[in-house]
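To start, the structure itself, in structure tokens.
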2 protein chains.
Amino acid sequence: MVTIGAERSAFEAIADPTRRKILDLVRAREMRAGDLAARFTVSRPAIAKHVRVLREAGLLRERREATQRFYTLEPKALESVDRWLAPYRLFWASRLMDLKHVVEEAAKTRTK
Amino acid sequence: MVTIGAERSAFEAIADPTRRKILDLVRAREMRAGDLAARFTVSRPAIAKHVRVLREAGLLRERREATQRFYTLEPKALESVDRWLAPYRLFWASRLMDLKHVVEEAAKTRTK
DNA sequence: GCCTATCGTAACCAAATGGTTACGATAGGC
DNA sequence: GCCTATCGTAACCATTTGGTTACGATAGGC
């Protein structure tokens with residue numbers, strides 16, 4: 001298998017708050033590069049670099065029309081993150097069980 | 001409000017694959033610093049630094065016993081990430097709806 | 001008291017990151 | 001043909017990151 005261009009993990013991509021905000025914007029509606037840049041205080045090239053990182057992580061889809069570039073969220077964006085996170089949700093659930101157990105024991109003691 | 005020690009985001013913390021693996025290990029069972037280090041090829045101080053990042057992000061809990069240090073997963077670890085991720089799950093769901101619609105249209109056309 | 005085991009921290013280094021300004025490519029209006 | 005608008009990329013820079021080796025602190029065994 002030949003990889004064209006740089007690979008990059010979604011985890012790295014979402015580490016930066018600016019990039020998370022870009023994703024949040026693009027999730028709502030398709031946006032042009034300029035529209036995105038206008039939402040931030042940093043320069044347009046800085047945003048272009050963030051967008052590149054997001055594309056290399058497979059999170060953004062690019063559509064060109066004349067000189068303009070439109071960005072949309074890749075349909076399965078962040079599923080890899082979600083998959084990794086899933087066992088942690090089970091962990092929280094088990095923690096809640098523990099709490100439930102503690103509460104029930106306390107109730108039993110009280111009604112004894 | 002006075003911040004003791006460095007603040008750090010959970011998103012930065014999980015950007016590194018070694019740190020994600022540390023979390024995965026600690027989620028299963030409490031581990032000593034040395035136990036953790038033994039699981040990786042990098043040096044012990046390198047692991048100590050990763051552990052510090054994870055603690056600063058509020059993901060790890062430390063317990064000391066003599067000269068040993070035991071680490072466990074903080075009960076609510078990564079909930080902030082999960083909260084940020086939640087709208088993306090809705091996004092996937094709506095994408096699935098779209099797909100369902102496409103499939104149903106195709107079925108209708110076929111049976112016409 | 002001394003040795004050993006278990007650690008974090010300091011100091012240092014190469015590479016990656018996130019920002020900037022300057023420039024080039026491309027398409028549309030006139 | 002020329003100007004303008006919309007962009008990405010190149011070159012550069014300061015800071016952060018992830019790794020190393022060397023060292024110090026602390027507690028238990030004998």
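In what follows, every chain begins at residue 1, and chains take the letters A, B, ... in the order their sequences are listed.
What separates CZ of Arg63(B) from P of dC7(C) is a distance of 11 Å, to the nearest Å. Atom CD in Glu65(A) sits roughly 11 Å away from atom P in dC7(D) (whole-Å rounding). Phe40(A) has its CZ atom 15 Å from the P atom of dC7(D), to the nearest Å. We find that CZ of Arg55(A) is positioned 13 Å from C1' of dT9(D), with the value rounded to whole Å. One interatomic measurement links the two molecules: CD of Glu56(A) to C1' of dT9(D), which rounds to 13 Å at whole-angstrom precision. To the nearest angstrom, P of dT9(D) lies 7 Å from CZ of Arg69(A). Between the CG atom of Leu60(B) and the C1' atom of dC7(C) there is a distance of 16 Å, rounded to whole Å. What separates CZ of Arg32(B) from P of dA5(C) is a distance of 13 Å, to the nearest Å.
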* Asked: Going through the distances and angles, do Thr18(A) and Ile47(A) end up as a side chain to side chain contact (heavy atoms under 4.5 Å, CB included)?
  -> CA-CA 8 Å; Thr18(A) 299; Ile47(A) 299 299; 4.1 Å; yes

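Looking at Arg20(B), its side chain does come within 3.5 Å of a backbone N or O of Ile14(B) through a donor-acceptor pair. Judged by distance alone, the side chain of Arg19(B) and the main-chain N or O of Ala13(B) form a donor-acceptor pair under 3.5 Å.
Among the heavy atoms of the strands lying under 4.0 Å from Ala48(A) is at least one base atom, whether or not backbone atoms are also near.
In this model, the phosphate group of dG8(C) is approached by a side-chain N or O of Tyr71(B) to a distance below 4.0 Å at OP1 or OP2. Under 4.0 angstrom from either OP1 or OP2 of dT9(D) there lies at least one side-chain N or O belonging to Arg52(A).
With values rounded to the nearest 0.5 angstrom, Arg32(B) atom CZ is found 9.5 Å from Thr67(B) atom OG1. Within the model, atoms CE of Met31(A) and CD1 of Ile22(A) stand 10.5 Å from one another, a figure rounded to the nearest 0.5 Å. In this structure, CD on Glu12(A) lies 10.5 Å from CD on Glu7(A), to the nearest 0.5 angstrom. Rounding to the nearest 0.5 angstrom, the gap separating the CZ atom in Phe11(A) from the CG atom in Leu85(A) is 8.0 Å. Taking CD of Glu74(B) as the reference point, atom CZ of Arg27(B) lies at 15.5 Å (rounded to 0.5 Å).
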Atom pairs under 3.5 Å: protein N/O with N/O of nucleotides 25-30 of chain D:
none

Polar atom pairs (N or O), protein with nucleotides 13-20 of chain C, under 3.5 Å:
unit_1	atom_1	unit_2	atom_2	d
dG18(C)	OP2	Arg19(A)	NH1	3.1
dG19(C)	OP2	His50(A)	NE2	2.4
dG19(C)	N7	Lys49(A)	NZ	3.0
dG19(C)	O6	Lys49(A)	NZ	2.5
dT20(C)	OP2	Ser43(A)	N	2.9
dT20(C)	OP2	Ser43(A)	OG	2.4

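By the salt bridge (charged side-chain N to carboxylate O under 4.0 Å, His left out) test, Asp82(B) is found to be paired with Arg89(A), Arg89(B), residues two or more places apart in sequence or in another chain being considered. Considering only residues two or more places apart in sequence or on other chains, Glu62(A) meets the salt bridge (charged side-chain N to carboxylate O under 4.0 Å, His left out) condition with Arg55(A), Arg64(A), Arg69(A).
Pairs engaging residues 25-81 of chain A under the ring-ring contact (aromatic ring centres under 6.0 Å, His included) rule: none recorded [sequence neighbours left out].
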* Structure fact -> Given Watson-Crick and G-U pairs under 3.5 Å, DNA chain D in dot-bracket ([ ] crossing, | other strand) is ||||||||||||||||||||||||||||||

